[in-house]
Amino acid sequence: MNHDNSKKTPDGASVDRSGSQDSLDELSLDDYFKEIENIHETRRNNHEEREALVVKEPDEGELEEEWLKEAGLSNLFGESTGDSQESMVVLSTLTRTQKAAVEKRVETVTQTLRKKNKHHQIPDVRDIFRLQSDPKEKVCDENEPSAVRTTENRSGTQDETKGNFSVGTNEQKTPPQDMPFSETDLNLEIPFAEQAANTKDSSVGKMCKGGGGDTLPLNFRLPKDKTGTTKIGDLAPQDMKKVCSLALIELTALYDVLGTEFKQQKAAKIKTKDSGLFGVPLSVLLEQDQKKVPGTKIPLIFQKLISQIEEATLETEGLLRIPGVATRVKTLCQELEAKFYEGTFNWENVKQHDAASLLKFFIRELPQPLLTVEYLKAFQDVQNLPTKKQQLQALNLLVILLPEANRDTLKVLLEFLQRVIDHRDKNKMTLNNVAMVMAPNLFTFHGFGSKTIEQSEFVMAAGTANVMRFMIQHQKLLWTIPKFLVNQVRKQNAESQKKEKKDKAMKKLLKKMAYDREKHEKQDKVPNDADVPQGVIRVQAPHLSKVSMAIQLTEELKASDIVARFLSQKRYKHIFIFLTCQEKWIFIFSIKEKRERCLDDDTYMKDLYQLNPNAEWVIKPKQS
């Protein structure tokens with residue numbers, strides 16, 4: 001392949017390289033365009049005439065209404081406007097930049113509804129934010145870093161000359177030099193949009209450019225947190241749902257602050273296969289697979305293809321880059337469709353490069369992209385953010401926003417790609433090579449039209465490949481839930497409890513529940529928490545014969561130390577258990593519901609106890 005300033009694309013168009021971003025000078029694009037050619041060749045050989053996934057052009061205000069719905073703020077509008085207590089709880093916990101993002105979308109929807117002459121109540125955006133700014137309803141987290149502790153105006157102010165409404169909210173900013181983090185630390189305590197707003201003037205245009213080697217210039221890491229790191233999967237489902245809503249608001253705020261457009265795409269409904277392996281929605285695949293393997297979260301064919309590649313060896317030169325034989329791959333697809341679930345397919349004769357081609361084919365043939373129609377463009381646009389740190393922050397929020405099935409499948413894929421890269425000395429597949437090969441399979445989705453090569457193709461190639469590199473290299477960071485989101489969820493739950501306690505019926509219910517619990521504890525002869533002295537916690541272990549133990553808190557005591565005390569009993573040395581933290585938040589829709597978090601081994605118990613003095617501590621068996 002020639003390396004002039006022009007290049008012939010698979011569609012025959014000549015594209016000028018000279019206007020591409022700087023990283024193009026350092027990354028070889030040969031693998032990217034060879035992969036594009038292989039994809040086109042596969043489609044021609046298979047005579048594909050699939051129905052294209054049409055991205056629907058939304059009506060005015062439609063995107064904003066959908067955004068408010070996903071952000072958990074849909075009842076600010078429509079017939080349920082009067083019952084907006086839940087939305088008020090969410091609004092009361094937002095930061096300055098998050099509120100600005102919400103206000104912008106609320107204003108757009110308000111204007112749209114007025115134009116359409118809707119008959120239901122249309123609130124004024126100023127009234128919405130004035131309600132949630134009531135100082136009596138403010139919840140303050142004493143453990144929130146001083147850098148993000150807010151001083152909220154008592155009410156909004158109206159600029160009579162410009163007609164612009166200013167939301168009463170956080171005005172305190174933290175100078176960048178006050179942040180106790182080095183350049184390579186990823187700060188998860190201060191909201192990303194707030195960090196961007198505080199450093200915008202000094203950071204714009206100073207993008208750290210990726211190098212041509214296997215490591216990026218900045219090796220991001222997470223500072224140690226004594227209260228533990230929260231990973232995706234550690235939170236209860238109802239709290240994870242709140243995290244997703246807040247992540248959407250935070251991502252939008254970050255893009256707003258950085259002046260980058262953030263628009264979710266929306267696909268028109270198309271007819272999809274309701275059975276089979278290739279070209280089947282992930283949800284349908286998992287429904288099929290769970291009948292055979294209950295509880296599986298990754299499509300079985302996807303798992304099997306990866307294991308088939310690894311069984312041979314990951315040291316094969318050109319693995320993932322060299323395509324399989326097209327006619328053989330087509331035949332294998334047909335045989336897998338017919339025999340995979342019957343268990344009669346013969347895997348012994350499947351060549352490694354054919355299996356790799358099938359894996360990439362599976363990803364491309366999904367009716368909707370693995371990164372979803374809604375967020376595919378947002379993943380692509382990450383490359384336009386000013387700094388590498390902000391790109392990583394945006395990717396972190398986007399991964400959180402993915403549906404569980406897509407997120408789990410992506411995680412398995414990225415882990416596999418890293419294992420391939422680990423053998424780069426033998427297989428010659430460096431981080432750059434793997435990113436270049438895989439980017440077209442994730443980002444040039446067939447549903448957005450058959451012509452994937454456009455005038456800006458070289459910029460897109462390097463940009464999406466860099467995003468792919470980022471996801472592979474920093475995948476462990478991407479599956480971490482930022483502490484500021486966890487704190488905001490905690491505030492929401494505390495605020496909800498506060499409001500519920502005002503309900504007389506709930507008070508009566510809580511009293512009855514406390515009475516029943518006390519009665520139950522007396523029957524089981526379990527020591528009452530009220531008898532536990534200051535600085536001591538009682539850890540419950542209902543699955544063990546020693547059902548509880550009083551633990552004296554010290555500065556150095558970790559979660560793993562407590563588990564070790566229970567495991568010190570001879571009969572439990574081979575049982576894998578973990579410590580959980582159950583925070584006492586009672587919800588009106590289920591009086592038994594609790595918020596539960598799995599603690600990592602390095603959690604310092606005294607620090608976490610000071611954060612949640614009313615928490616319950618329970619030892620549970622680790623689920624496989």
Examine the side chains of [X] and [Y] and answer whether a donor and an acceptor come within less than 3.5 Å of each other.
| X | Y | value |
| --- | --- | --- |
| Thr316 | Gln352 | yes |
| Tyr341 | Asp289 | yes |
| Asn406 | Thr409 | no |

Applying side-chain hydrogen bond (donor to acceptor under 3.5 Å, both in side chains), can you list everything that pairs with [X], at least two apart in sequence or on another chain?
| X | value |
| --- | --- |
| Gln380 | none |
| Lys224 | Asp602 |
| Glu70 | Gln264, Tyr375 |

>> My understanding is that only one of Tyr255, Phe379, Trp67 makes a ring-ring contact (aromatic ring centres under 6.0 Å, His included) with Phe262; could you say which?
In response: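 Per the ring-ring contact (aromatic ring centres under 6.0 Å, His included) rule, the option paired with Phe262 is Tyr255, out of Tyr255, Phe379, Trp67.
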> Are more than 12 heavy atoms from other residues, nucleotides or ligands located less than 6.0 Å from atom NZ of Lys69?
Replying inline: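 Not more than 12 within 6.0 Å, no.
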> Taking only residues two or more places apart in sequence, or in another chain, which ones meet Asp354 in a salt bridge (charged side-chain N to carboxylate O under 4.0 Å, His left out)?
Replying inline: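 In terms of salt bridge (charged side-chain N to carboxylate O under 4.0 Å, His left out), with neighbours along the sequence ignored, Asp354 is linked to Arg328.
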>> For a quick test of reading the model, state the closest non-hydrogen atom pair linking Gly276 to Leu285 and the distance between them.
In response: O-CD2, 3.4 Å
> Between Gln390 and Thr387, does a side-chain hydrogen bond (donor to acceptor under 3.5 Å, both in side chains) hold up when you go through it step by step?
Replying inline: CA-CA 5 Å; Gln390 288 161 352; Thr387 69; 3.3 Å; yes
> Taking only residues at least two apart or on different chains, which pairs with a member in residues 294-314 satisfy salt bridge (Lys or Arg N to Asp or Glu O under 4.0 Å)?
Replying inline: Lys297-Glu404, Glu310-Arg419
>> Listing request: all salt bridge (Lys or Arg N to Asp or Glu O under 4.0 Å) pairs with a residue in residues 315-327, at least two apart in sequence or in separate chains.
In response: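 Matches after skipping sequence neighbours: none remain.
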> Looking at Glu35 and Lys360, does any basic side-chain N land under 4.0 Å from a carboxylate oxygen?
Replying inline: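 Answer for the salt bridge query: yes.
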